[in-house]
Protein chains: 2
Amino acid sequence: MLTNARLVYQPHDQVRILNAAISRAHDICEAANVRLTPTREAILKLLWQGHQPMGAYQLQQQLAKVSEKPIAPPTIYRAIEFLIDLGLVHRIHSLNAYIGCPFPSSEHSNIFMICEKCNTVAEVSDKRVNNLLEAITDKVGFKLHSQTIELFGLCPNCEPGDSDE
Amino acid sequence: MLTNARLVYQPHDQVRILNAAISRAHDICEAANVRLTPTREAILKLLWQGHQPMGAYQLQQQLAKVSEKPIAPPTIYRAIEFLIDLGLVHRIHSLNAYIGCPFPSSEHSNIFMICEKCNTVAEVSDKRVNNLLEAITDKVGFKLHSQTIELFGLCPNCEPGDSDE
DNA sequence: ATATATATGTAATATTATAACATCACTTAC
DNA sequence: GTAAGTGATGTTATAATATTACATATATAT
Ligand SMILES: [Zn+2]
Ligand SMILES: [Zn+2]
Ligand SMILES: [Zn+2]
Ligand SMILES: [Zn+2]
C-alpha cells in the first residue's frame, strides 16, 4: 500500500515536498522527451502548493498573481492535459479539480480520499483493490482499462473522535 | 456480488425492466412520503430507457419531444437531485451524466463499469470492495462516508476477444 | 376555504471546458 | 546563420454544464 496520507494529514516541510515533486517532474519530462515549460511548471507547482485540489479557473487566478500577462483558459487546460497525460497530475472528477500525484510513474489505484470538511485530498494505491476490481469485472466480461476511485469522508484532522491518541 | 451486468450486456425485455424500475420507484417514494411527480417520473424513465447515462441537457431535449412545454434546466436539475437523494439515480462524474440505479435502497458500492466504446454503464456492488476500502482508509485515519468508483474499459459486446464462447 | 409546504416556471447568470485560427519559440537541417 | 518544421502559447469566441433568485402554481393539511 502506497499513500501520501501521513504527509498530507500531518505537519511537514511543504517547500521540500514541492521541490522534490518539481525535480521529479523534470526528470520524468526529460525521460519522455517533452518540455516542462514555465507555464506547465507554474501550474504543477500550484497543484502541489497545498493538498487541496484546484480548479482550472482557480489556477488561472493564482497564475495572474505571479505572471504579468493573464493566461487564458485554453492554455490552462492544455497544461493540465499535458500534466495528466504524463501522470504528474490527476483529475478529481467529482470536484472538477486537479491535484498533483504523489507517486507518478508507478503502478496506480487512483484512490482519492476527499475530506468533506477541509477539502484536502490524499491518494492511496493498493494492489489488492486493483486485483479485486479486476476479478469483479472479469467475472462479467468487462475488460478493465483504467479506474478512478473517489472516497468522501473526514480526514483525521477533521474527524471529531481525533487523530493521534 | 450484486450486478445488472448480465442484463445490460445481453438482449432483454427493456419494457418490462423499465416498468419494474418505475414501479419500484413509486414504492420507494411512497415509503419516503415524497412525490414522484410527472416530470420526475419522466426523467427517471429516460434514465432507464437504455443503459447509457444521459446528461441534463440531453434529458431536456428528450423531454421536449414528449412534453408540450419545454422544461428549463433548473427543473431538470431539481428532478435529478431528487432522484439521486432517493437513491434512484446515480451521477457518473466522469461523464457529467446520470443513470438509473438497478438496485436502489440496498447496500451500495457505487461501482460503474463504463464502456469506452458503446458508452453503456453497468453497476456492481460488492461487499469486499467496501470492506477493503474501509480497511485502507481506517489505516490512515480517514473516516469513510461514501464513495464512487468509475471503471473504464470495454464491455463484453465491444471487446474484440468476444463474449459467450 | 385557508394556510402551509412543496414543486415548478422564468430569466438571468455562473462555472467549466473547447474550437478555430494566429502567432510565437524552440529545434533541426542545411 | 537561416529556413523549415514542430511544438507551445495567444486570442477570440463560444459550447456545455450548472446554479441563483424570485415568481407562480400545485398539492396537502387544518
Ligand atoms: Zn497518483
Ligand atoms: Zn479534513
Ligand atoms: Zn446503484
Ligand atoms: Zn461496449
Side-chain angles (χ1 to χ4, degrees), chain A residues 25-26 28-44 46-47 52-64 66-86 88-99 119 148 150, chain B residues 25-26 28-44 46-47 52-64 66-86 88-99 119 148 150:
Chain A
H26 274 287
I28 288 173
C29 286
E30 198 163 342
N33 198 33
V34 293
R35 291 191 301 139
L36 190 61
T37 62
T39 303
R40 290 168 175 173
E41 182 172 336
I43 287 178
L44 182 58
L46 285 170
L47 293 178
Q52 272 102 12
M54 296 180 76
Y57 285 81
Q58 210 177 340
L59 286 167
Q60 187 186 33
Q61 286 183 324
Q62 295 301 313
L63 283 174
V66 189
S67 161
E68 18 206 292
K69 295 224 166 182
I71 294 179
T75 302
I76 309 279
Y77 280 102
R78 286 173 193 141
I80 290 171
E81 188 186 18
F82 170 89
L83 294 168
I84 289 177
D85 287 349
L86 269 177
L88 292 166
V89 159
H90 292 295
R91 173 169 187 177
I92 310 291
H93 287 99
S94 60
L95 304 176
N96 290 330
Y98 310 87
I99 196 163
N119 296 120
T148 171
E150 303 184 10
Chain B
H26 275 286
I28 288 173
C29 285
E30 197 163 343
N33 199 33
V34 293
R35 291 191 299 139
L36 190 61
T37 62
T39 303
R40 290 167 175 175
E41 182 171 336
I43 287 178
L44 183 58
L46 285 170
L47 292 179
Q52 272 101 12
M54 297 181 75
Y57 285 80
Q58 213 178 337
L59 287 168
Q60 186 186 33
Q61 284 183 326
Q62 294 302 313
L63 284 174
V66 189
S67 163
E68 18 206 291
K69 296 226 166 181
I71 293 178
T75 302
I76 308 278
Y77 280 102
R78 286 174 193 141
I80 290 171
E81 187 186 20
F82 170 89
L83 294 167
I84 288 177
D85 287 349
L86 268 176
L88 292 166
V89 160
H90 292 295
R91 171 167 191 179
I92 311 291
H93 288 100
S94 60
L95 304 177
N96 289 329
Y98 310 87
I99 196 162
N119 296 119
T148 169
E150 302 184 10

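- For the pair Met54(A) CE and dA17(C) P, the computed distance is 14 Å after rounding to whole Å.
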Sort me out a list of protein N/O and nucleotides 10-16 of chain C N/O pairs below 3.5 Å, or just none if empty.
none

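- Taking atom CD1 of Ile92(A) as the reference point, atom P of dA17(C) lies 13 Å away to the nearest angstrom.
- Residue Ile71(A) contributes atom CD1, which lies 17 Å from atom C1' of dA17(C) at whole-angstrom precision.
- Within the helix from dA1(C)-dT30(D) to dC30(C)-dG1(D), the inter-axis angle between the opening and closing five-pair segments is 20°, rounded to 10°.
- Screening Ile99(B), Val89(B), Asn96(B) for a side-chain contact (heavy atoms from CB on, under 4.5 Å) with Pro53(B), the sole residue that qualifies is Ile99(B).
- When the C1' atom of dA8(D) is taken as reference, atom CD1 of Ile80(A) falls 16 Å away, rounded to whole Å.
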Checklist entry - Please walk me through it: do Leu95(B) and Asn119(B) pass side-chain contact (heavy atoms from CB on, under 4.5 Å)? => result CA-CA 10 Å; Leu95(B) 304 177; Asn119(B) 296 119; 5.6 Å; no

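- Panel note: side chain Arg91(A), backbone Ile84(A); no donor-acceptor pair is recorded below 3.5 Å.
- At distances below 3.5 Å, not a single donor-acceptor pair connects side-chain atoms of Glu150(B) with backbone N or O atoms of Ile92(B).
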Are there any protein N/O atoms within less than 3.5 Å of an N/O atom in nucleotides 5-7 of chain C, and if so, which ones and at what distance?
from	atom 1	to	atom 2	distance (Å)
dA7(C)	OP1	Arg40(B)	NH1	3.0
dA7(C)	O5'	Arg40(B)	NH2	3.4

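- Put simply, CD on Glu41(A) is 12 Å from P on dT9(D), counting in whole angstrom units.
- Counting to the nearest Å, the C1' atom of dA17(C) and the CD atom of Glu81(A) are 11 Å from each other.
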